[in-house]
Novice: 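Below are the C-alpha coordinates for one structure; questions will follow.
This one's a predicted model, so the numbers in the text were calculated from it and none came from an experiment. First listed ligand is number 1; within each ligand, the first listed atom is number 1.
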Amino acid sequence: MSTPARSQATFDAARVRADFPILGRTARGKRLAYLDSAASTQKPTRVIDAINAFYRESNANVHRGVYELSEKSTELYDQARGRIARLINAPDKRECIFVRNTTEALNLVANSWGRENLSAGDAIVLTTLEHHSNIVPWQLVAQQTGAQLRYVDIDDDGRLRMDQYQQILKEEAVKVVAVTHVSNTLGTITPLKEITRLAHDAGAIVVADAAQSVPHMQVDVQDLGIDFMAFSGHKMVGPMGIGVMWGRRDLLEAMPPYQGGGSMIREVHLDHSTWADLPEKFEAGTPSVADAVGLAAAADYLSELGFEQIRQHEIQLTNYALGQLKEIPGIRLFGPDGEDRAGVVSFLLDGAHPHDIASILDGEGVAVRAGHHCAQPLMRRLDVTATARASFYVYNTEEDVDQLVHSIEAVNSIFGSGAR
Ligand code: C6P
(Lines give C-alpha, C1' and ligand atoms only; values in the text may rest on other atoms or scores of the structure.)
Protein backbone atom coordinates (compact mmCIF):
# COMPACT_ATOMS: atom_id res chain seq x y z
CA MET A 1 0.00 0.00 0.00
CA SER A 2 1.08 3.57 -0.57
CA THR A 3 2.09 5.86 2.26
CA PRO A 4 0.19 9.17 2.27
CA ALA A 5 2.25 12.32 1.95
CA ARG A 6 3.24 13.69 5.34
CA SER A 7 0.96 16.54 6.30
CA GLN A 8 2.16 20.00 7.22
CA ALA A 9 2.44 19.82 10.97
CA THR A 10 2.18 23.09 12.91
CA PHE A 11 3.34 21.31 16.05
CA ASP A 12 6.98 20.24 16.14
CA ALA A 13 6.60 16.78 17.64
CA ALA A 14 10.19 15.86 16.78
CA ARG A 15 11.37 18.71 19.00
CA VAL A 16 8.96 17.66 21.74
CA ARG A 17 10.28 14.11 21.47
CA ALA A 18 13.76 15.40 22.24
CA ASP A 19 12.46 16.63 25.63
CA PHE A 20 11.87 12.99 26.67
CA PRO A 21 15.20 11.28 27.39
CA ILE A 22 13.78 7.75 27.36
CA LEU A 23 12.66 8.16 23.76
CA GLY A 24 16.32 8.40 22.75
CA ARG A 25 16.88 4.73 23.64
CA THR A 26 16.21 1.76 21.46
CA ALA A 27 13.79 -1.11 22.13
CA ARG A 28 14.73 -4.62 20.95
CA GLY A 29 17.57 -2.91 19.10
CA LYS A 30 15.17 -0.79 17.02
CA ARG A 31 14.06 2.83 17.12
CA LEU A 32 11.49 3.09 19.95
CA ALA A 33 7.98 3.97 18.79
CA TYR A 34 6.20 4.43 22.10
CA LEU A 35 2.48 4.12 21.36
CA ASP A 36 1.11 3.24 24.78
CA SER A 37 0.55 6.66 26.33
CA ALA A 38 -3.06 5.83 27.24
CA ALA A 39 -1.53 3.37 29.73
CA SER A 40 1.18 5.75 30.95
CA THR A 41 3.13 8.57 29.35
CA GLN A 42 6.87 9.18 29.28
CA LYS A 43 8.35 12.04 31.28
CA PRO A 44 10.19 15.14 30.00
CA THR A 45 13.50 16.26 31.48
CA ARG A 46 11.67 19.17 33.07
CA VAL A 47 9.52 16.85 35.23
CA ILE A 48 12.40 14.53 36.09
CA ASP A 49 14.50 17.56 37.10
CA ALA A 50 11.70 19.03 39.24
CA ILE A 51 11.43 15.80 41.26
CA ASN A 52 15.20 15.51 41.50
CA ALA A 53 15.53 19.13 42.67
CA PHE A 54 12.85 18.61 45.32
CA TYR A 55 14.74 15.72 46.91
CA ARG A 56 18.09 17.48 46.58
CA GLU A 57 17.03 20.89 47.86
CA SER A 58 13.67 20.98 49.61
CA ASN A 59 12.75 17.56 51.01
CA ALA A 60 10.97 17.49 54.39
CA ASN A 61 7.53 16.56 55.61
CA VAL A 62 4.84 19.18 55.10
CA HIS A 63 2.87 21.11 57.71
CA ARG A 64 4.63 19.46 60.62
CA GLY A 65 7.79 21.52 60.98
CA VAL A 66 8.56 25.11 61.77
CA TYR A 67 12.01 24.87 60.22
CA GLU A 68 13.04 26.23 56.83
CA LEU A 69 13.00 22.98 54.86
CA SER A 70 9.53 22.05 56.04
CA GLU A 71 8.28 25.51 55.20
CA LYS A 72 9.79 25.20 51.73
CA SER A 73 8.27 21.77 51.17
CA THR A 74 4.86 23.00 52.37
CA GLU A 75 5.09 26.02 50.08
CA LEU A 76 5.96 23.85 47.05
CA TYR A 77 3.10 21.45 47.82
CA ASP A 78 0.67 24.33 48.13
CA GLN A 79 1.93 25.93 44.91
CA ALA A 80 1.48 22.61 43.11
CA ARG A 81 -2.16 22.52 44.20
CA GLY A 82 -2.65 26.05 42.89
CA ARG A 83 -1.06 25.07 39.59
CA ILE A 84 -3.44 22.11 39.22
CA ALA A 85 -6.45 24.29 40.06
CA ARG A 86 -5.44 26.70 37.27
CA LEU A 87 -5.00 23.81 34.83
CA ILE A 88 -8.62 22.69 35.20
CA ASN A 89 -10.03 26.15 36.05
CA ALA A 90 -11.16 25.08 39.52
CA PRO A 91 -12.61 28.08 41.37
CA ASP A 92 -10.73 27.24 44.57
CA LYS A 93 -7.47 25.27 44.92
CA ARG A 94 -8.79 23.67 48.13
CA GLU A 95 -11.18 21.72 45.90
CA CYS A 96 -8.22 19.83 44.40
CA ILE A 97 -7.44 16.78 46.51
CA PHE A 98 -4.18 14.96 45.85
CA VAL A 99 -4.64 11.20 45.66
CA ARG A 100 -2.58 8.37 44.13
CA ASN A 101 -4.38 8.11 40.80
CA THR A 102 -7.76 8.17 39.01
CA THR A 103 -8.73 4.90 40.64
CA GLU A 104 -8.26 6.28 44.14
CA ALA A 105 -10.08 9.49 43.21
CA LEU A 106 -13.12 7.55 41.99
CA ASN A 107 -13.07 5.29 45.06
CA LEU A 108 -12.99 8.41 47.23
CA VAL A 109 -16.10 9.87 45.59
CA ALA A 110 -18.00 6.55 45.52
CA ASN A 111 -17.20 5.80 49.15
CA SER A 112 -17.51 9.20 50.72
CA TRP A 113 -20.21 10.92 48.65
CA GLY A 114 -21.89 7.64 47.69
CA ARG A 115 -22.33 6.13 51.14
CA GLU A 116 -23.60 9.45 52.48
CA ASN A 117 -26.06 10.17 49.67
CA LEU A 118 -27.26 6.89 48.14
CA SER A 119 -29.94 4.56 49.39
CA ALA A 120 -32.25 1.79 48.18
CA GLY A 121 -34.27 2.85 45.16
CA ASP A 122 -31.65 5.35 43.90
CA ALA A 123 -29.98 4.79 40.55
CA ILE A 124 -26.30 5.15 39.68
CA VAL A 125 -25.85 5.69 35.93
CA LEU A 126 -22.70 4.34 34.27
CA THR A 127 -21.88 3.58 30.63
CA THR A 128 -20.56 0.52 28.80
CA LEU A 129 -17.50 2.61 27.88
CA GLU A 130 -16.24 2.74 31.46
CA HIS A 131 -12.87 1.59 32.72
CA HIS A 132 -13.15 -0.84 35.67
CA SER A 133 -12.09 2.04 37.95
CA ASN A 134 -15.39 3.74 37.23
CA ILE A 135 -17.48 0.57 37.58
CA VAL A 136 -16.21 -1.48 40.51
CA PRO A 137 -16.27 1.29 43.18
CA TRP A 138 -19.91 1.97 42.24
CA GLN A 139 -20.75 -1.74 42.39
CA LEU A 140 -19.32 -1.84 45.90
CA VAL A 141 -21.27 1.22 47.03
CA ALA A 142 -24.43 -0.15 45.36
CA GLN A 143 -24.05 -3.35 47.40
CA GLN A 144 -23.64 -1.33 50.57
CA THR A 145 -26.50 1.12 50.00
CA GLY A 146 -29.04 -0.85 47.95
CA ALA A 147 -28.78 1.61 45.05
CA GLN A 148 -29.16 0.15 41.53
CA LEU A 149 -26.70 0.38 38.63
CA ARG A 150 -28.00 1.44 35.21
CA TYR A 151 -25.82 1.42 32.09
CA VAL A 152 -26.04 3.62 29.02
CA ASP A 153 -25.05 1.60 25.96
CA ILE A 154 -23.06 2.69 22.89
CA ASP A 155 -24.03 2.59 19.24
CA ASP A 156 -22.06 0.56 16.71
CA ASP A 157 -19.61 3.44 16.21
CA GLY A 158 -18.83 3.57 19.92
CA ARG A 159 -20.80 6.73 20.72
CA LEU A 160 -23.04 6.92 23.77
CA ARG A 161 -26.74 6.27 23.17
CA MET A 162 -28.00 9.64 24.39
CA ASP A 163 -31.61 8.58 23.68
CA GLN A 164 -31.17 5.72 26.16
CA TYR A 165 -29.52 8.05 28.68
CA GLN A 166 -32.46 10.44 28.55
CA GLN A 167 -34.87 7.54 28.94
CA ILE A 168 -33.06 6.32 32.07
CA LEU A 169 -33.06 9.85 33.52
CA LYS A 170 -36.80 10.03 32.92
CA GLU A 171 -37.63 6.61 34.37
CA GLU A 172 -35.29 6.22 37.35
CA ALA A 173 -34.46 8.13 40.52
CA VAL A 174 -30.95 8.93 39.27
CA LYS A 175 -28.70 10.42 41.94
CA VAL A 176 -25.33 10.19 40.19
CA VAL A 177 -24.02 9.85 36.65
CA ALA A 178 -20.44 8.56 36.55
CA VAL A 179 -19.04 8.76 33.04
CA THR A 180 -15.75 8.76 31.22
CA HIS A 181 -14.82 11.90 29.29
CA VAL A 182 -12.69 9.90 26.84
CA SER A 183 -12.81 6.13 26.39
CA ASN A 184 -9.39 4.54 26.89
CA THR A 185 -10.33 1.77 24.45
CA LEU A 186 -12.32 3.40 21.65
CA GLY A 187 -11.13 6.98 21.97
CA THR A 188 -14.73 8.19 22.05
CA ILE A 189 -15.03 11.73 23.46
CA THR A 190 -18.33 11.81 25.28
CA PRO A 191 -20.59 14.91 25.24
CA LEU A 192 -19.84 15.63 28.88
CA LYS A 193 -21.33 19.13 28.98
CA GLU A 194 -24.63 17.88 27.56
CA ILE A 195 -24.58 14.80 29.81
CA THR A 196 -24.12 17.13 32.79
CA ARG A 197 -26.89 19.53 31.75
CA LEU A 198 -29.33 16.62 31.44
CA ALA A 199 -28.20 15.07 34.74
CA HIS A 200 -28.62 18.33 36.60
CA ASP A 201 -32.09 18.83 35.09
CA ALA A 202 -32.95 15.42 36.55
CA GLY A 203 -31.46 16.32 39.95
CA ALA A 204 -28.36 14.10 39.64
CA ILE A 205 -24.68 14.97 40.08
CA VAL A 206 -21.94 14.10 37.56
CA VAL A 207 -18.63 12.40 38.28
CA ALA A 208 -16.25 12.61 35.31
CA ASP A 209 -13.44 10.12 34.75
CA ALA A 210 -11.01 12.47 33.03
CA ALA A 211 -7.99 10.13 33.03
CA GLN A 212 -7.84 10.28 29.23
CA SER A 213 -9.00 13.86 28.69
CA VAL A 214 -7.10 16.18 31.05
CA PRO A 215 -3.75 15.12 29.50
CA HIS A 216 -4.93 15.80 25.94
CA MET A 217 -7.32 18.76 25.84
CA GLN A 218 -8.28 21.87 27.75
CA VAL A 219 -10.65 20.65 30.45
CA ASP A 220 -12.51 23.40 32.30
CA VAL A 221 -14.56 22.10 35.22
CA GLN A 222 -16.62 25.28 35.43
CA ASP A 223 -17.46 25.30 31.75
CA LEU A 224 -18.41 21.61 31.83
CA GLY A 225 -20.49 22.20 34.95
CA ILE A 226 -19.53 18.81 36.43
CA ASP A 227 -19.46 18.05 40.15
CA PHE A 228 -16.45 15.75 40.58
CA MET A 229 -13.52 14.86 38.35
CA ALA A 230 -10.71 12.32 38.56
CA PHE A 231 -7.37 12.18 36.72
CA SER A 232 -3.86 10.70 37.01
CA GLY A 233 -0.48 12.42 36.87
CA HIS A 234 1.27 9.55 35.10
CA LYS A 235 -0.95 9.89 32.01
CA MET A 236 -0.02 13.58 31.57
CA VAL A 237 3.81 13.41 31.55
CA GLY A 238 3.80 13.59 35.35
CA PRO A 239 5.00 11.04 37.90
CA MET A 240 3.33 7.78 38.83
CA GLY A 241 1.73 7.73 42.26
CA ILE A 242 -0.12 11.05 42.14
CA GLY A 243 -3.53 11.98 40.84
CA VAL A 244 -6.26 14.48 41.54
CA MET A 245 -9.82 14.35 42.73
CA TRP A 246 -11.51 17.67 42.09
CA GLY A 247 -14.92 18.27 43.64
CA ARG A 248 -17.32 21.17 44.11
CA ARG A 249 -16.58 22.81 47.44
CA ASP A 250 -20.11 22.58 48.85
CA LEU A 251 -20.20 18.85 48.11
CA LEU A 252 -16.74 18.22 49.57
CA GLU A 253 -17.56 20.14 52.72
CA ALA A 254 -20.66 18.04 53.32
CA MET A 255 -18.83 14.72 52.76
CA PRO A 256 -17.29 12.56 55.49
CA PRO A 257 -13.55 11.78 55.29
CA TYR A 258 -12.48 8.83 53.16
CA GLN A 259 -9.49 7.74 55.23
CA GLY A 260 -8.59 8.53 58.81
CA GLY A 261 -5.16 9.33 60.24
CA GLY A 262 -2.66 12.12 60.57
CA SER A 263 -3.16 15.51 58.88
CA MET A 264 -6.89 15.11 58.26
CA ILE A 265 -8.06 15.92 61.81
CA ARG A 266 -8.72 19.05 63.80
CA GLU A 267 -8.95 17.33 67.22
CA VAL A 268 -8.69 13.72 68.29
CA HIS A 269 -10.26 12.49 71.52
CA LEU A 270 -10.37 8.95 72.83
CA ASP A 271 -13.89 8.39 71.53
CA HIS A 272 -14.25 10.78 68.60
CA SER A 273 -12.45 13.20 66.30
CA THR A 274 -13.21 16.33 64.31
CA TRP A 275 -11.98 17.05 60.82
CA ALA A 276 -9.57 19.49 59.28
CA ASP A 277 -10.77 21.89 56.59
CA LEU A 278 -10.39 21.22 52.89
CA PRO A 279 -8.22 19.91 51.36
CA GLU A 280 -6.58 18.23 54.37
CA LYS A 281 -9.81 16.47 55.38
CA PHE A 282 -9.28 14.15 52.40
CA GLU A 283 -5.50 13.85 52.58
CA ALA A 284 -4.69 11.54 55.48
CA GLY A 285 -1.02 10.78 56.11
CA THR A 286 2.16 12.12 54.55
CA PRO A 287 1.45 13.28 51.01
CA SER A 288 3.54 12.58 47.93
CA VAL A 289 5.09 16.05 47.84
CA ALA A 290 7.78 15.37 45.25
CA ASP A 291 5.17 13.86 42.97
CA ALA A 292 2.90 16.87 43.41
CA VAL A 293 5.84 19.10 42.48
CA GLY A 294 6.51 16.87 39.45
CA LEU A 295 2.84 17.03 38.48
CA ALA A 296 2.87 20.81 38.62
CA ALA A 297 5.93 20.81 36.33
CA ALA A 298 4.01 18.49 33.98
CA ALA A 299 1.02 20.85 33.98
CA ASP A 300 3.32 23.77 33.15
CA TYR A 301 5.00 21.80 30.38
CA LEU A 302 1.70 20.83 28.73
CA SER A 303 0.23 24.32 29.12
CA GLU A 304 3.27 25.80 27.43
CA LEU A 305 2.91 23.37 24.52
CA GLY A 306 -0.72 24.54 24.39
CA PHE A 307 -3.74 22.26 24.69
CA GLU A 308 -5.21 23.51 21.42
CA GLN A 309 -1.96 22.55 19.64
CA ILE A 310 -1.78 19.22 21.47
CA ARG A 311 -5.32 18.35 20.44
CA GLN A 312 -4.71 19.38 16.82
CA HIS A 313 -1.50 17.35 16.72
CA GLU A 314 -3.32 14.27 18.02
CA ILE A 315 -6.20 14.68 15.55
CA GLN A 316 -3.75 15.00 12.68
CA LEU A 317 -1.69 11.98 13.82
CA THR A 318 -4.79 9.84 14.42
CA ASN A 319 -6.17 10.66 10.98
CA TYR A 320 -2.79 9.93 9.44
CA ALA A 321 -2.78 6.54 11.21
CA LEU A 322 -6.40 5.67 10.42
CA GLY A 323 -5.89 6.58 6.76
CA GLN A 324 -3.14 3.97 6.45
CA LEU A 325 -4.52 1.33 8.80
CA LYS A 326 -7.85 1.22 6.92
CA GLU A 327 -5.98 -0.02 3.85
CA ILE A 328 -4.58 -3.10 5.61
CA PRO A 329 -6.47 -6.24 4.55
CA GLY A 330 -8.26 -8.05 7.38
CA ILE A 331 -7.96 -5.21 9.89
CA ARG A 332 -10.90 -4.26 12.11
CA LEU A 333 -10.75 -0.76 13.56
CA PHE A 334 -12.83 0.30 16.54
CA GLY A 335 -14.20 3.67 17.60
CA PRO A 336 -15.93 6.65 16.03
CA ASP A 337 -14.67 8.53 12.99
CA GLY A 338 -14.64 12.27 13.43
CA GLU A 339 -13.99 15.14 15.81
CA ASP A 340 -15.30 13.21 18.81
CA ARG A 341 -12.38 10.79 18.75
CA ALA A 342 -9.18 11.09 20.75
CA GLY A 343 -5.76 9.68 19.81
CA VAL A 344 -6.55 6.05 20.58
CA VAL A 345 -6.78 3.32 17.93
CA SER A 346 -7.94 -0.15 18.93
CA PHE A 347 -7.72 -2.80 16.26
CA LEU A 348 -7.82 -6.51 15.45
CA LEU A 349 -6.32 -8.47 12.59
CA ASP A 350 -7.97 -11.54 11.10
CA GLY A 351 -6.28 -14.69 12.35
CA ALA A 352 -3.92 -12.99 14.83
CA HIS A 353 -4.41 -12.76 18.59
CA PRO A 354 -3.87 -9.22 19.93
CA HIS A 355 -1.10 -10.49 22.21
CA ASP A 356 0.70 -12.00 19.23
CA ILE A 357 0.30 -8.71 17.38
CA ALA A 358 1.74 -6.79 20.35
CA SER A 359 4.69 -9.11 20.75
CA ILE A 360 5.60 -9.02 17.07
CA LEU A 361 5.30 -5.22 17.15
CA ASP A 362 7.54 -5.22 20.23
CA GLY A 363 10.19 -6.99 18.17
CA GLU A 364 10.07 -4.00 15.81
CA GLY A 365 10.49 -1.46 18.63
CA VAL A 366 6.78 -0.58 18.64
CA ALA A 367 5.15 -0.47 22.10
CA VAL A 368 1.37 -0.99 22.02
CA ARG A 369 -1.01 -2.49 24.55
CA ALA A 370 -2.99 -5.69 24.01
CA GLY A 371 -5.78 -7.00 26.22
CA HIS A 372 -9.13 -5.93 27.61
CA HIS A 373 -7.81 -2.49 28.66
CA CYS A 374 -9.60 -2.81 32.02
CA ALA A 375 -12.89 -2.52 30.16
CA GLN A 376 -14.30 -6.05 30.15
CA PRO A 377 -17.96 -4.97 29.87
CA LEU A 378 -17.01 -2.97 26.76
CA MET A 379 -15.16 -5.99 25.32
CA ARG A 380 -18.34 -8.06 25.77
CA ARG A 381 -20.42 -5.33 24.15
CA LEU A 382 -18.04 -5.37 21.16
CA ASP A 383 -18.12 -9.19 21.20
CA VAL A 384 -14.34 -9.51 21.42
CA THR A 385 -12.08 -10.72 24.21
CA ALA A 386 -9.26 -8.27 23.60
CA THR A 387 -7.90 -5.72 21.14
CA ALA A 388 -4.49 -4.31 20.27
CA ARG A 389 -4.32 -0.59 20.98
CA ALA A 390 -2.03 2.21 19.81
CA SER A 391 -2.33 5.56 21.56
CA PHE A 392 -0.71 8.84 20.61
CA TYR A 393 0.68 11.76 22.53
CA VAL A 394 2.69 14.96 22.23
CA TYR A 395 5.97 13.20 21.41
CA ASN A 396 4.63 10.90 18.72
CA THR A 397 5.51 11.64 15.13
CA GLU A 398 4.41 10.39 11.74
CA GLU A 399 7.57 8.28 11.82
CA ASP A 400 6.09 6.40 14.81
CA VAL A 401 2.89 5.82 12.85
CA ASP A 402 4.84 4.62 9.80
CA GLN A 403 6.78 2.21 12.03
CA LEU A 404 3.46 0.94 13.46
CA VAL A 405 1.85 0.50 10.05
CA HIS A 406 4.84 -1.29 8.53
CA SER A 407 5.07 -3.59 11.55
CA ILE A 408 1.35 -4.44 11.34
CA GLU A 409 1.79 -5.23 7.67
CA ALA A 410 4.55 -7.61 8.72
CA VAL A 411 2.20 -9.27 11.27
CA ASN A 412 -0.45 -9.53 8.61
CA SER A 413 1.86 -11.27 6.22
CA ILE A 414 2.60 -13.91 8.90
CA PHE A 415 -0.89 -14.48 10.32
CA GLY A 416 -3.60 -12.64 8.55
CA SER A 417 -5.26 -11.76 5.29
CA GLY A 418 -1.91 -10.70 3.90
CA ALA A 419 -0.59 -14.31 4.25
CA ARG A 420 0.17 -15.92 0.89
N1 C6P B 1 -6.13 3.21 31.87
C2 C6P B 1 -5.01 2.07 30.06
O3 C6P B 1 -4.07 1.41 29.59
P4 C6P B 1 -5.09 4.76 37.08
O5 C6P B 1 -4.59 3.38 36.85
O6 C6P B 1 -5.83 4.88 38.38
O7 C6P B 1 -4.06 5.82 36.89
O8 C6P B 1 -6.16 5.03 35.92
C9 C6P B 1 -7.29 4.23 35.82
C10 C6P B 1 -8.08 4.64 34.61
C11 C6P B 1 -9.35 5.18 34.79
N12 C6P B 1 -10.07 5.60 33.76
C13 C6P B 1 -9.62 5.54 32.50
C14 C6P B 1 -10.47 6.07 31.39
C15 C6P B 1 -8.36 5.00 32.25
O16 C6P B 1 -7.91 4.92 31.00
C17 C6P B 1 -7.58 4.50 33.32
C18 C6P B 1 -6.26 3.84 33.09
C19 C6P B 1 -4.90 2.55 31.49
O20 C6P B 1 -6.00 2.34 29.41
C21 C6P B 1 -4.49 1.46 32.40
S22 C6P B 1 -5.69 0.19 32.54
Novice: Could you name each residue pair satisfying side chain to side chain donor-acceptor pair (under 3.5 Å) that touches residues 236-259, not counting sequence neighbours?
Specialist: Asp92-Arg249, Glu95-Trp246, Asp227-Arg248, Arg248-Asp250, Arg249-Glu253

Novice: Are His373 and His132 an aromatic pair by the rule of ring centers under 6.0 Å?
Specialist: no

Novice: Quick check for you: to the nearest 0.5 Å, what is the distance between Leu317 atom CG and Phe392 atom CZ?
Specialist: 5.5 Å

Novice: Can you tell me how far the CG atom of Leu160 sits from the OG1 atom of Thr180, to the nearest 0.5 Å?
Specialist: 9.0 Å

Novice: For the residue pair Tyr393 and His216, is the inter-centroid distance of their aromatic rings smaller than 6.0 Å?
Specialist: yes

Novice: Kindly determine whether Asp156 and Arg381 satisfy salt bridge (Lys or Arg N to Asp or Glu O under 4.0 Å), including the steps that lead there.
Specialist: CA-CA 10 Å; Asp156 290 340; Arg381 170 63 181 83; 3.6 Å; yes

Novice: Around ligand 1, what residues show up once you keep those with a heavy atom under 4.0 Å from it?
Specialist: Ala38, Ala39, Asn101, Thr102, Thr103, His131, Ser133, Thr180, Asn184, Asp209, Ala211, Gln212, Ser232, His234, Lys235, Arg369, Cys374, Arg389

